[in-house]
2 protein chains.
Amino acid sequence: MNSNKIPEPALRRLPWYLSYVKLLKSQGEKYVSSTKIAKKIDVSASQIAKDLSFVEISGKTRVGYDIDELINVLDTFLGFKVIHKAVLFGVGSLGAALLSDSGLEQYGLKIIAGFDVNKSVVDTKIHDIPVYHSDEFIQMNKEIDAEIGILTVPSGVAQEVSDYMISGGIKGVWNFTPFRIRVPSGIVLQNTSLYAHLAVMFNRLDS
Amino acid sequence: MNSNKIPEPALRRLPWYLSYVKLLKSQGEKYVSSTKIAKKIDVSASQIAKDLSFVEISGKTRVGYDIDELINVLDTFLGFKVIHKAVLFGVGSLGAALLSDSGLEQYGLKIIAGFDVNKSVVDTKIHDIPVYHSDEFIQMNKEIDAEIGILTVPSGVAQEVSDYMISGGIKGVWNFTPFRIRVPSGIVLQNTSLYAHLAVMFNRLDS
DNA sequence: TAGATTGTTAATCGATTAACAATC
DNA sequence: TAGATTGTTAATCGATTAACAATC
């Protein structure tokens, strides 16, 4: 049992392996070696071997990994097999877009409700997900019991709304704003700023 | 002139500084020091100083950086001041969601058209952006001349569609699929898999 | 001047890569 | 057996952190 904490870069590569291995499975393959993954996916074979050493699997010498087992282990390790309940704050352009993305549920994220302060969206439904006034959250989350809060509010109120979500029992904040919020220790923060990724791409394009 | 290539981790932090400094400007501040940013944003002051050494700005000893100048320099460096034309392949759940996110245009990304092979979306409009059949792309891009291709197709066809976009003149691929595609050298690839970020969050929550 | 700040250089840390022993 | 593969250990590389000189 290797229960050393996996480094974040390694953790982020695991979904690539999973995605490729699922493709192989759909093509009827039974086994895959790290060298085979490496060739297709542009990650070195030793890196793959090292990354896989963090998960609970052992390969067969001269054969590689059992595909079904690898998929199962990765899906479980990455948390895609369990439904995690979430709420979303800020039903603007990006927020509404995320509520409409039904793909997230296949990966274990179920958005139960949206919250906003804008009267034009409060008490509507988007893609069958109800939107409530933010003030109702603390009371409602006693029932909903969501552990993840998705943050798609304007940057200026990101910190404040994050604090509010946490006071209502949120354990993990998925921050889509470009603002770098701070959270108490013990609370998980994941920053996913599309704009930061855009910036990386623009910068590389212009050089 | 410091034209050393900026490391990607540093590049990704710049939008955080930009976001905070814009907030300060809206509060009427004129100058900001790296120590002040550090306190608010949970990045060490020396890291900030080092990151800012890659952009074309110099601070004033004992005063810090001029906020207007810093915003201008970062906006320019990050490519947010120039409109970059993009097309989007795969108008499914996530793709349609991105077409609906008008926020991207404020950061320099203008999506001109969507492409798909599914008859139920071809020749419709989403958020005023027209959707065409994928087969029309090569011909159409002679006119559109988009440099960025947003990839929101199913994993299984991600590589194929990416190759196709590039053959039509795309210079930068923004890959939202969990599949790790490969691109020829000279083509910029930016991976933004929401599922990978979910995985990181789930993993940290469960430990 | 004293003190706060920038910005560079050196030391540290951690991830990646390479080498290789073990296995079938 | 020979050869392909896993999986660990050591070497390398690059980013972060710390120290500090320069500046106003």
Side-chain angles (χ1 to χ4, degrees), chain A residues 1-17 20-21 24 29-67 69-70 73-74 77 180 191 196 200 203-204, chain B residues 1-17 20-21 24 29-67 69-70 73-74 77 180 191 196 200 203-204:
Chain A
M1 162 83 92
N2 191 336
S3 62
N4 295 336
K5 190 159 161 274
I6 182 171
E8 183 160 334
L11 186 50
R12 280 215 283 243
R13 282 188 296 268
L14 295 181
W16 297 342
Y17 312 152
Y20 176 53
V21 170
L24 287 179
E29 300 283 333
K30 296 295 288 173
Y31 291 92
V32 64
S33 66
S34 53
T35 40
K36 179 165 187 180
I37 300 177
K39 266 176 207 138
K40 188 73 176 196
I41 240 138
D42 211 17
V43 175
S44 74
S46 43
Q47 174 105 223
I48 294 172
K50 181 128 204 184
D51 291 347
L52 290 181
S53 75
F54 288 100
V55 306
E56 203 61 23
I57 194 166
S58 62
K60 288 196 183 65
T61 295
R62 258 179 56 78
V63 176
Y65 300 91
D66 180 283
I67 284 186
E69 191 188 351
L70 185 53
V73 164
L74 286 176
F77 187 86
R180 169 87 170 169
N191 293 301
V200 174
N203 182 273
R204 299 298 185 225
Chain B
M1 163 84 91
N2 192 336
S3 61
N4 296 336
K5 191 158 159 276
I6 181 172
E8 183 159 333
L11 186 50
R12 280 216 282 246
R13 282 187 295 268
L14 294 181
W16 297 343
Y17 311 151
Y20 176 53
V21 170
L24 287 179
E29 300 284 331
K30 297 294 287 173
Y31 291 93
V32 64
S33 67
S34 53
T35 39
K36 179 165 186 179
I37 300 176
K39 264 177 208 137
K40 188 73 177 193
I41 240 137
D42 212 16
V43 174
S44 73
S46 41
Q47 174 103 234
I48 294 172
K50 181 129 203 183
D51 291 346
L52 290 180
S53 75
F54 288 100
V55 305
E56 202 61 23
I57 194 167
S58 61
K60 288 195 184 65
T61 295
R62 257 178 59 76
V63 177
Y65 300 91
D66 179 285
I67 284 186
E69 191 188 351
L70 185 54
V73 162
L74 287 176
F77 187 86
R180 169 87 169 167
N191 293 301
V200 173
N203 181 274
R204 299 298 185 225

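Predicted model only: the values in this text are computed from it and were never measured. Just so you know, these numbers use all the heavy atoms, side chains as well, and skip hydrogens, waters and symmetry mates. We name chains A, B, ... by the order of the sequence lines, and we start the count at 1 in each one.
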### Task
Would you kindly give the CD1-to-C1' distance between A:Ile57 and D:dT5, to the nearest whole Å?
14 Å

### Query
Under 4.0 Å: is that the gap between some side-chain N or O of A:Tyr31 and OP1 or OP2 of D:dA4?
no

### Task
Could you tell me which non-hydrogen atom of B:Phe54 sits nearest to which non-hydrogen atom of B:Phe77, and how far apart they are?
O-CE1, 3.9 Å

### Query
Could you give the NZ-to-P distance, from B:Lys36 to C:dA4, as a whole number of Å?
16 Å

### Message
Is there a side-chain contact between B:Val73 and B:Tyr65 in this structure, where contact means two heavy atoms from C-beta onward sitting under 4.5 Å apart?
### Response
no

### Message
Quick check on DNA chain C: between B:Ser34 and A:Arg13, whose nearest nucleotide comes earlier from the 5' end?
### Response
B:Ser34

### Message
Within the structure provided, determine whether A:Lys5 and B:Arg204 are in side-chain contact (heavy-atom separation under 4.5 Å).
### Response
yes

### Query
Given that A:Arg62 and A:Ala49 both sit by DNA chain D, which one's nearest nucleotide is further toward the 5' end?
A:Arg62

### Query
Considering heavy-atom distances to DNA chain C, does B:Thr35 or A:Pro7 have its closest nucleotide positioned more toward the 5' end?
B:Thr35

### Task
Rounded to the nearest angstrom, tell me the gap between atom NZ in B:Lys50 and atom P in C:dT6.
16 Å

### Query
Tell me, do B:Tyr17 and B:Leu52 make a side-chain contact under 4.5 Å, heavy atoms counted?
yes

### Query
Nearest to the side chain of A:Thr61 - D:dT5, D:dT8, D:dA15?
D:dT5

### Query
According to the Watson-Crick and G-U wobble definitions, with both distances under 3.5 Å, which nucleotide is paired to C:dT12?
D:dA15

### Message
OP1 or OP2 of C:dT17 versus the side-chain N and O atoms of A:Ser44: is any pair under 4.0 Å?
### Response
yes

#### Entry: A:Glu8 CD to C:dA15 P, straight-line distance once rounded to whole Å
10 Å

### Contact nearer the 5' end of DNA chain D, comparing B:Val43 with A:Lys60
A:Lys60

### Query
B:Tyr65 has an atom OH; how far is it from atom P of D:dC24, in whole Å?
14 Å

### Message
Rounded to whole Å, please give me the gap between CG in B:Asp51 and P in C:dG7.
### Response
13 Å

### Query
Rounded to whole angstroms, how far apart are CD on A:Gln47 and P on D:dG7?
16 Å

### Message
Measure CD1/A:Ile6 against P/C:dG14 and give the value in whole Å, please.
### Response
16 Å

### Query
Which base sits across from D:dA22 as a Watson-Crick or G-U pair, both distances under 3.5 Å?
C:dT5

### Task
Mind checking B:Ser46 for me? I need base, sugar-phosphate or nothing, with any heavy atom below 4.0 Å counting as a touch.
base

### Close side-chain approach of B:Leu14 and B:Asp51, heavy atoms under 4.5 Å
yes

